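Worksheet: the structure to be examined is printed underneath.
Computed from a predicted structure; not experimentally measured. Note that these values count all heavy atoms, side chains included, but never hydrogens, waters or copies made by symmetry. Chain A is the first sequence line, chain B the second, and so forth, proteins listed ahead of strands; every chain is numbered from 1.
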Protein chains: 2
Amino acid sequence: MDDADYVAALKAMADENRLKIIGLLSQGTLCACDILDHFDFTQPTLSHHMRVLADAGIVTSYKEGKWKHYTLSEDFAAAFFQQTTTLLSSDQRCVCELEPATTKEG
Amino acid sequence: MDDADYVAALKAMADENRLKIIGLLSQGTLCACDILDHFDFTQPTLSHHMRVLADAGIVTSYKEGKWKHYTLSEDFAAAFFQQTTTLLSSDQRCVCELEPATTKEG
DNA sequence: AGTTCATATTGACGTTTGTCTATATGATTA
DNA sequence: TAATCATATAGACAAACGTCAATATGAACT
């Protein structure tokens, strides 16, 4: 997980509902239908949120017939902790020195 | 740091430039003018970013004459790590059970 | 008192984001 | 084959967001 991945993960986590989804999945694999039961928003909204979390590398999924099961990515927690440690530790190299000053292409 | 504070912190961190500011400040206190030297954006943009970080409880500041110095909040790192641990640990209570289902008033 | 410097505030603008309704797609069942 | 169920996609919309130029405010200096 490099700095860009860390920012992407933070952006994905920086939504109340997506954070709750992550918390649910930390307890174990769930299908979309089970996840949806925990919220008041519509199915397309959930589909959108799961897409955001998957694109950020936070969750992975597999199909089982009609059902799609989601689970937290295997190495996400460790990588996120490691990046957070790097960011907040005063004896690490400054994160601004690890990236070129140029703007990333969108 | 409760769940709402954690979401607020994540939102504040979920910007590439603000994340770099946090990284800079993890090395020690800096005045706004020194922070600005590390970036290409304008002074009002920095002021806005610092406001966001301060409101999220990530940085604190003090004035010294014309200068305003910023520093990471004393307990931010520990609190952020603690909340992250709670979120991602499979043996903790689910974060969705710690909050009522009602939408927070904006 | 006027000037310079450091920083905050205001308002505008283009972009991004969360949510919905409607619809499409794929799997299963009768 | 049609109906049902699970989920993704498309498009619209309002709100939020990052950035800028212009301006205001406060501190220090001359």
Side chain of [X] - closest among [options]:
{"X": "Arg18(B)", "options": "dG18(D), dT7(C), dT7(D)", "value": "dG18(D)"}
{"X": "Ser47(B)", "options": "dA8(C), dG26(C), dT9(D)", "value": "dA8(C)"}
{"X": "Trp67(B)", "options": "dT19(D), dG26(C), dT7(C)", "value": "dT7(C)"}
{"X": "Ala32(B)", "options": "dA27(C), dT7(C), dG26(D)", "value": "dT7(C)"}
{"X": "Tyr70(A)", "options": "dA6(C), dT9(D), dA8(D)", "value": "dA8(D)"}
{"X": "Cys31(A)", "options": "dT19(D), dT9(C), dT7(D)", "value": "dT7(D)"}
{"X": "Thr42(A)", "options": "dT19(D), dA22(D), dT21(C)", "value": "dT21(C)"}

Enter the distance from Leu36(A):CG to His49(A):NE2 here, rounded to the nearest 0.5 Å. 10.5 Å
Report the distance from atom [atom1] of [X] to atom [atom2] of [N], rounded to the nearest whole Å.
{"X": "His48(A)", "N": "dT21(C)", "atom1": "NE2", "atom2": "C1'", "answer": "16 Å"}
{"X": "Lys11(B)", "N": "dG18(C)", "atom1": "NZ", "atom2": "P", "answer": "7 Å"}
{"X": "Glu16(B)", "N": "dC17(D)", "atom1": "CD", "atom2": "C1'", "answer": "15 Å"}
{"X": "Met50(B)", "N": "dT9(C)", "atom1": "CE", "atom2": "P", "answer": "13 Å"}
{"X": "Tyr62(B)", "N": "dA27(D)", "atom1": "OH", "atom2": "C1'", "answer": "17 Å"}
{"X": "Ile21(B)", "N": "dG18(D)", "atom1": "CD1", "atom2": "P", "answer": "11 Å"}
{"X": "Met13(A)", "N": "dG18(C)", "atom1": "CE", "atom2": "P", "answer": "14 Å"}
{"X": "Lys66(A)", "N": "dA3(D)", "atom1": "NZ", "atom2": "C1'", "answer": "11 Å"}

Residue mapping more 5' on DNA chain C - nearest nucleotide basis, Ala14(A) or Lys63(A): Ala14(A)
On DNA chain C, nearest-nucleotide positions of Phe41(A) versus Gly65(A): which is more 5'?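 Closer to the 5' end of DNA chain C: Phe41(A).
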Using only atom types and a distance under 3.5 Å, with no angle test, would you say the side chain of [X] pairs donor to acceptor with the backbone of [Y]?
{"X": "Arg18(B)", "Y": "Ala12(B)", "result": "yes"}
{"X": "Ser73(B)", "Y": "Ile58(B)", "result": "yes"}
{"X": "Gln83(B)", "Y": "Met1(B)", "result": "yes"}

Can you see if the side chain of [X] gets near the phosphate of [N] - specifically, an N or O under 4.0 Å from OP1 or OP2?
{"X": "Lys68(B)", "N": "dA8(C)", "value": "yes"}
{"X": "Thr45(B)", "N": "dC20(D)", "value": "yes"}
{"X": "Arg51(A)", "N": "dT7(D)", "value": "no"}

Could you tell me if Thr29(B) and Tyr62(B) have a donor-acceptor pair between their side chains, going purely by distance under 3.5 Å?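 Distance-only check fails for Tyr62(B) and Thr29(B).
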Shared hydrophobic cluster, Phe41(B) / Met50(B) (ILVMFWY, side-chain heavy atoms < 4.5 Å): yes
On a plain distance test, is the side chain of Gln43(A) in donor-acceptor contact with the base of dA8(D) below 3.5 Å?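 For Gln43(A), whose side chain was compared with the base of dA8(D), there is a donor-acceptor pair (under 3.5 Å).
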Reckon His49(A) touches a base, only the sugar-phosphate, or nothing at all at heavy-atom distances under 4.0 Å?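 His49(A): backbone/sugar contact only, no base atoms under 4.0 Å.
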